[in-house]
K.L.:
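Here's a structure for you.
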Amino acid sequence: MNEMLGPLVLLMILVGHAGLHLAIYNRLNATGLTRQRIKQIEKFFLATMIVIPPIVFWWYPNVIVDLLEGRVPSSRVPGVLIGYAGLCLATWVFLGIPWLLWRPIFGLEWVDSPRNITRFRVNEEVDVPLARSTKCKWESRIPFNQLFDLSVEHIRLPVVGLPKQLDGYRIAHLSDIHLTGDIQPEYMEFVIRQANQWDPHLFAMTGDVIDKQPCIDWLFDLFTKAKAPDGCYFVLGNHDTRVRDPGQTRRELNRAGWTDLGNRVTRRELGGIHVDLIGNEHPWFPRPEVPARSDDTFRFLLSHSPDQLSWARKHDVNLMLAGHTHGGQGRLPLIGPLMSPSFHGSRFASGDFYKSPVTLHVSRGLGGVHLLRLCCPPELSLIELRLPVSEL
């Protein structure tokens with residue numbers, strides 16, 4: 001065997017082993033399983049990811065030495081080990097190639113949406129220290145952590161099929177608030193204040209509003225401050241199931257002036273025309289029953305997860321807003337995110353996409369239970385709908 005081939009094969013097996021476990025993690029967190037069951041399965045696969053390589057190295061040292069020295073293994077290799085090594089190598093083809101193709105640098109299915117970005121160090125903009133818990137105080141000091149570095153992004157989003165009456169329509173998109181009690185509510189007050197200053201026509205919130213029961217008491221005071229002439233609309237997400245009664249969250253947001261779109265289709269007048277507003281919280285709550293499209297009414301979907309894109313295409317949705325993926329929580333230069341709780345992996349971790357007939361915007365979100373963000377600042381999306389150049 002070539003002296004370089006053996007070590008290269010061994011390295012590819014190890015990378016494939018890690019990639020396989022990463023793919024399992026991403027897709028596991030896209031399911032509607034309970035948090036407890038997901039954590040149990042996560043712990044199992046975390047253990048197998050860590051212990052399998054040293055066990056193999058310890059149990060079959062001669063095989064490893066032969067490979068490292070570029071020789072065909074002289075010891076008998078068990079079939080189960082050959083099979084697993086083959087599976088790890090296969091991940092390079094069946095997972096690695098698609099993962100590479102969908103890197104942000106290549107821009108496949110991405111929408112060219114110009115952005116003006118303003119960054120705020122929110123902890124320097126408000127009058128109180130934002131870190132409320134000991135955990136947050138420590139983690140917010142980690143070098144390069146962008147936890148409080150709010151990115152206010154004015155996005156001019158071309159939408160295929162946009163009615164001319166909605167050209168220039170402004171939507172303030174909030175997602176993944178994650179009220180855990182670790183961060184002072186003044187953080188979200190600042191976010192909503194920035195959105196209000198932009199004078200949006202409509203507020204849209206795409207789930208994961210709350211994680212801890214005591215924070216329900218914050219909802220009315222926080223979200224009653226959001227103002228838009230065409231209303232404020234929301235759906236819930238998987239983390240909203242962590243409180244005793246998600247219906248209490250819905251009631252408090254309703255009391256604050258927000259309209260619950262969860263499992264609903266409602267026709268409203270926006271910009272002088274009728275628009276179907278749809279809410280999809282699947283797989284954590286039921287999907288709505290959407291009638292077949294009988295006219296050219298513009299369809300606007302709020303979905304917690306971008307995984308509902310196929311469902312949106314099936315139901316002729318024109319514009320879809322989503323969150324859930326947090327932009328991967330951390331991103332590598334050029335490569336982008338690795339972790340993303342989606343059946344698509346990190347393909348739709350954040351950004352603007354088009355798959356006919358749906359234009360999809362995925363926010364990086366505003367908060368999280370993990371208080372660490374690397375090259376992935378929280379995002380307030382201020383979306384200005386625009387007619388595509390081809391439709392002007």
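In this text, all values refer to a predicted model and were calculated from it rather than measured experimentally.
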K.L.:
Is there a donor-acceptor pair closer than 3.5 Å between any side-chain N or O of Asn318 and the backbone N or O of Arg299?
P.N.:
yes

K.L.:
Salt bridge check, Asp295 against Arg267: does any charged N sit closer than 4.0 Å to a carboxylate O?
P.N.:
yes

K.L.:
Which residues end up grouped with Val317 if you chain together Ile, Leu, Val, Met, Phe, Trp and Tyr wherever their side-chain heavy atoms are less than 4.5 Å apart?
P.N.:
Trp110, Val265, Ile278, Val290, Leu301, Leu309, Trp311, Met320, Phe348, Phe353, Val358, Leu360, Val362

K.L.:
Treating Arg121 as the side-chain partner and Asp149 as the backbone partner, does any N or O pair qualify as donor plus acceptor under 3.5 Å?
P.N.:
no

K.L.:
Between Arg287 and Gln308, is there a side-chain donor-acceptor contact under 3.5 Å, judged purely by atom types and distance?
P.N.:
yes

K.L.:
Suppose we screen for side-chain contact (heavy atoms from CB on, under 4.5 Å). Which residues come up paired with His201, at least two apart in sequence or across chains?
P.N.:
Tyr169, Arg170, Asp230

K.L.:
Checking Thr325 side chain against Gly328 main chain: does a donor-acceptor pair fall under 3.5 Å?
P.N.:
no

K.L.:
Using the ring of Phe343 (Phe, Tyr or Trp, six-membered ring only), decide whether Arg27 places NZ or CZ under 6.0 Å from its centre and within 45 degrees of its axis.
P.N.:
no

K.L.:
Please list, one pair per line, the donor and acceptor atoms closer than 3.5 Å that link side chains of residues 204-213 to other protein atoms, with sequence neighbours excluded.
P.N.:
residue, atom, partner, partner atom, Å
Thr206, OG1, His173, NE2, 2.9
Thr206, OG1, Ser175, OG, 2.7
Asp208, OD1, Asn238, N, 3.2
Asp208, OD1, His239, N, 2.8
Asp208, OD1, His304, NE2, 3.4
Asp208, OD2, His178, NE2, 3.4
Asp208, OD2, His304, NE2, 3.2
Asp211, OD1, His178, ND1, 2.8
Asp211, OD2, His239, ND1, 2.5
Asp211, OD2, Arg242, NH1, 3.4
Gln213, OE1, Arg244, N, 3.0
Gln213, NE2, Gln248, OE1, 3.1

K.L.:
May I ask you to decide if Lys227's main-chain N or O and Asn196's side chain share a donor-acceptor pair within less than 3.5 Å?
P.N.:
yes

K.L.:
Is any side-chain N of the basic residue among Glu252 and Arg250 closer than 4.0 Å to the acidic one's carboxylate O?
P.N.:
no

K.L.:
Could you tell me whether Arg37 and Glu42 have a side-chain N and a carboxylate O separated by less than 4.0 Å?
P.N.:
no

K.L.:
Can you tell whether the side chains of Arg251 and Asp245 come within less than 4.0 Å, N to carboxylate O?
P.N.:
yes

K.L.:
Scan side-chain atoms only and decide if Asn280 and Ser303 contain a donor-acceptor pair under the 3.5 Å cut-off.
P.N.:
no

K.L.:
Hey, is Glu109 close enough to Arg347 for a salt bridge, meaning N to O under 4.0 Å?
P.N.:
yes

K.L.:
In terms of side-chain heavy atoms, does Thr34 have a donor or acceptor partner in Gln36 at a distance below 3.5 Å?
P.N.:
no

K.L.:
Side chains of Ser151 and Arg119: is there a donor and an acceptor less than 3.5 Å apart?
P.N.:
yes

K.L.:
Mark yes or no for whether Trp218, through its side chain, and Leu179, through its backbone, hold a donor-acceptor pair below 3.5 Å.
P.N.:
no

K.L.:
Okay, side chain of Ser340, backbone of Gly345: is any donor-acceptor separation there less than 3.5 Å?
P.N.:
yes

K.L.:
Any salt bridge between Arg193 and Glu186, counting N to O under 4.0 Å?
P.N.:
no

K.L.:
Strictly distance-based, threshold 3.5 Å: is any side-chain N or O of Gln146 a donor or acceptor partner for the main-chain N or O of Cys375?
P.N.:
yes

K.L.:
Side chains of His324 and Asp176: do they bring a donor and an acceptor to under 3.5 Å?
P.N.:
no

